[in-house]
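Reviewing the structure listed below.
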2 protein chains.
Amino acid sequence: MENLPQHFDSVFTVDCIIFGFDEGELKILLIERNEEPFNGWFALPGYFVEKTESIESAAERILYECTGLKGIYMEQFYTFGALERHPQGRVITVAYYAMIRLTNQKDLKPVTTFARQAVWMPVKDMPELAFDHSRIFRKGFEKIRNKISYQPIAFELLPEKFTLTQLQHLYEVILNKKLDKRNFRKKMLAYDILKELDEKQKGVSYRAAKLYKFDKRKYAKHFNKELTFTKE
Amino acid sequence: MENLPQHFDSVFTVDCIIFGFDEGELKILLIERNEEPFNGWFALPGYFVEKTESIESAAERILYECTGLKGIYMEQFYTFGALERHPQGRVITVAYYAMIRLTNQKDLKPVTTFARQAVWMPVKDMPELAFDHSRIFRKGFEKIRNKISYQPIAFELLPEKFTLTQLQHLYEVILNKKLDKRNFRKKMLAYDILKELDEKQKGVSYRAAKLYKFDKRKYAKHFNKELTFTKE
DNA sequence: TTGCTTAGTGTAAAAATTACACCTTATATT
DNA sequence: AATATAAGGTGTAATTTTTACACTAAGCAA
């Protein structure tokens, strides 16, 4: 049997959009590039995929190298391959996104030289990014905004225990619109995927709200899925 | 400025799921392979992407080479890159789908040697396909089934003029369930994207039904989109 | 005690979805 | 011409889902 035709080989990469929610703001992870082209520009965490790894594991490895974050499950959403997206030739990139809980993951340490640093950037302050990463980001953001309207996937962004008001704020930030408090609660509780705890919010100077937890088992029942982020 | 790091190069391909609707059946285009591996097996139309073309244009070119069909707009839906999907090494494939009108496109002539022939295969008779193409097909089919439930995208499959019953049959075949005639019509007409013609079905041995046309302009208004298949 | 701030709650109207059955019309058959 | 056949075409009531909307309760701070 012949070998694969090597002359077709193309350069390809993965790029990751990692969402976080902190201080009431939606943020994403960016790296400051330390390589030409676009040296010094902000970019999505991403790099070249090796020949010997699957795309998924490449995404996980590269995210770790860029930021020090480990074991983040990401969902693929689109593959970009326009001729002009890289100044030195056609580079195909497979884009992933994930939502993560920021608690204890705020300190980012790149384990590589191609990223000078990694930062949490509020979505509302996003600068122009290297390559076509701004476009990739817009497409990914649209995707989760769309997805969240028919599937409650946002729990990954909150601390383990959260109040309904926190959850509502998160939705409002992602959907970019105000929601009605009573209707939001009614709907959310109707999903029956939250577990009400015997515990209250602490350290607030007003009436403390009940805390809730996301209940994976109930979620799986309702949506016929194991996890918030679905495997292929 | 340095060049792109060539040692990362990967082999990659596109594969296409082309849906057609004929004789009340949903069909897809398959080719019979004329190359190792999987010589003689059925496979999705697909081949290697050149270094100098975008993925989209590669998809269009390759579909033409496999089948003789030209100018089909396809929508990308997923990229597969598991290590074991090709026996000779990691091959990444970007998968696309499209729905096309079968009228006058039933004769397929491959313009290449890697496909022995192209055929319209009823979805219900699908054989096991080469590589992981069966899995790719299942994922693509699920995608359109899902999409059609919230966006009327199936008109591309019908002849230009069609009856509501034909449209309903198509929906039933894709969704794999019976629909209520009155409710289906009510909903379809409520979308306000069909144009009722002053013309009736011909050559039937029973009462002829009114013919309708898909109205692109109205569709664009309602869904804020130019076409049935959406550009990125 | 009072004031401040957020928590928490219900109901009515409107809209969308579902369930359901019969008469009409064109053709083919006798 | 009459009849049989087969699909076309239509409306309404019940149910469910979604929306709009405002006040009292609780906890903390001064």
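Just so we're on the same page: letters track the sequence lines, and every chain starts at 1.
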### Query
Under 3.5 Å, is there a donor-acceptor pair linking the side chains of Gln151(A) and Tyr219(A)?
yes
### Task
Just jot down the side-chain hydrogen bond (donor to acceptor under 3.5 Å, both in side chains) partners of Lys200(A), sequence neighbours excluded, or say none.
none
### Message
Please list all pairs meeting salt bridge (charged side-chain N to carboxylate O under 4.0 Å, His left out) that have one or both residues in residues 179-195 of chain B, counting only residues at least two apart or in different chains.
### Response
Asp192(B)-Lys218(B)
Distances under 3.5 Å only, N/O to N/O: pair up the protein atoms with those of nucleotides 28-30 of chain C.
none

### Task
Can you sort out the partners of Gln168(A) under side-chain hydrogen bond (donor to acceptor under 3.5 Å, both in side chains), two or more places apart, ordered by chain and number?
Glu172(A)
### Task
Check every strand shown and say whether Thr165(B) touches a base, only sugar-phosphate, or nothing at a heavy-atom separation below 4.0 Å.
sugar-phosphate
### Query
Between Lys124(B) and Glu25(B), is the closest basic N to carboxylate O distance under 4.0 Å?
yes
### Query
Which parts of nucleotides 15-21 of chain C does protein reach within less than 4.0 Å, heavy atoms only, written one letter per nucleotide 5' to 3' as B for base, S for sugar-phosphate only and - for none?
--SBBBB
### Summary
Contacts of Lys161(B) meeting salt bridge (charged side-chain N to carboxylate O under 4.0 Å, His left out) (sequence neighbours excluded), chain-then-number -> Glu199(B)
### Query
Would you say the side-chain atoms of Glu32(A) pair up with the backbone N or O of Gln117(A), donor to acceptor, closer than 3.5 Å?
no
#### Entry: Positional range of nucleotides in DNA chain D within the contact set of chain A, heavy-atom, under 4.0 Å
dT19(D) to dA29(D)
### Task
Applying side chain to side chain contact (heavy atoms under 4.5 Å, CB included), name anything that partners Glu128(A), two or more places apart in sequence or on another chain.
Trp41(A), Ser134(A)
### Message
Can you list everything that forms a side chain to side chain contact (heavy atoms under 4.5 Å, CB included) with Lys177(A)? Sequence neighbours excluded, please.
### Response
Leu175(A), Leu179(A)
### By side chain to side chain contact (heavy atoms under 4.5 Å, CB included) - contacts of Val123(A) (at least two apart)
Leu26(A), Ile28(A), Phe137(A), Phe141(A)
### Task
Identify, with sequence neighbours excluded, every residue that meets side-chain hydrogen bond (donor to acceptor under 3.5 Å, both in side chains) alongside Glu196(B).
Lys210(B)
### Message
Has His169(B) got a side-chain atom pairing as donor or acceptor with Gly24(B)'s backbone, closer than 3.5 angstrom?
### Response
no
### Residues in contact with DNA chain D, drawn from residues 194-202 of chain B - heavy-atom cutoff 4.0 Å
none
### Query
Does Arg207(B) get its side chain close enough to the base of dT24(C), under 3.5 Å, for a donor-acceptor pair?
yes
### Query
Quick one: are Phe131(A) and Leu44(A) in side-chain contact, heavy atoms under 4.5 Å?
no
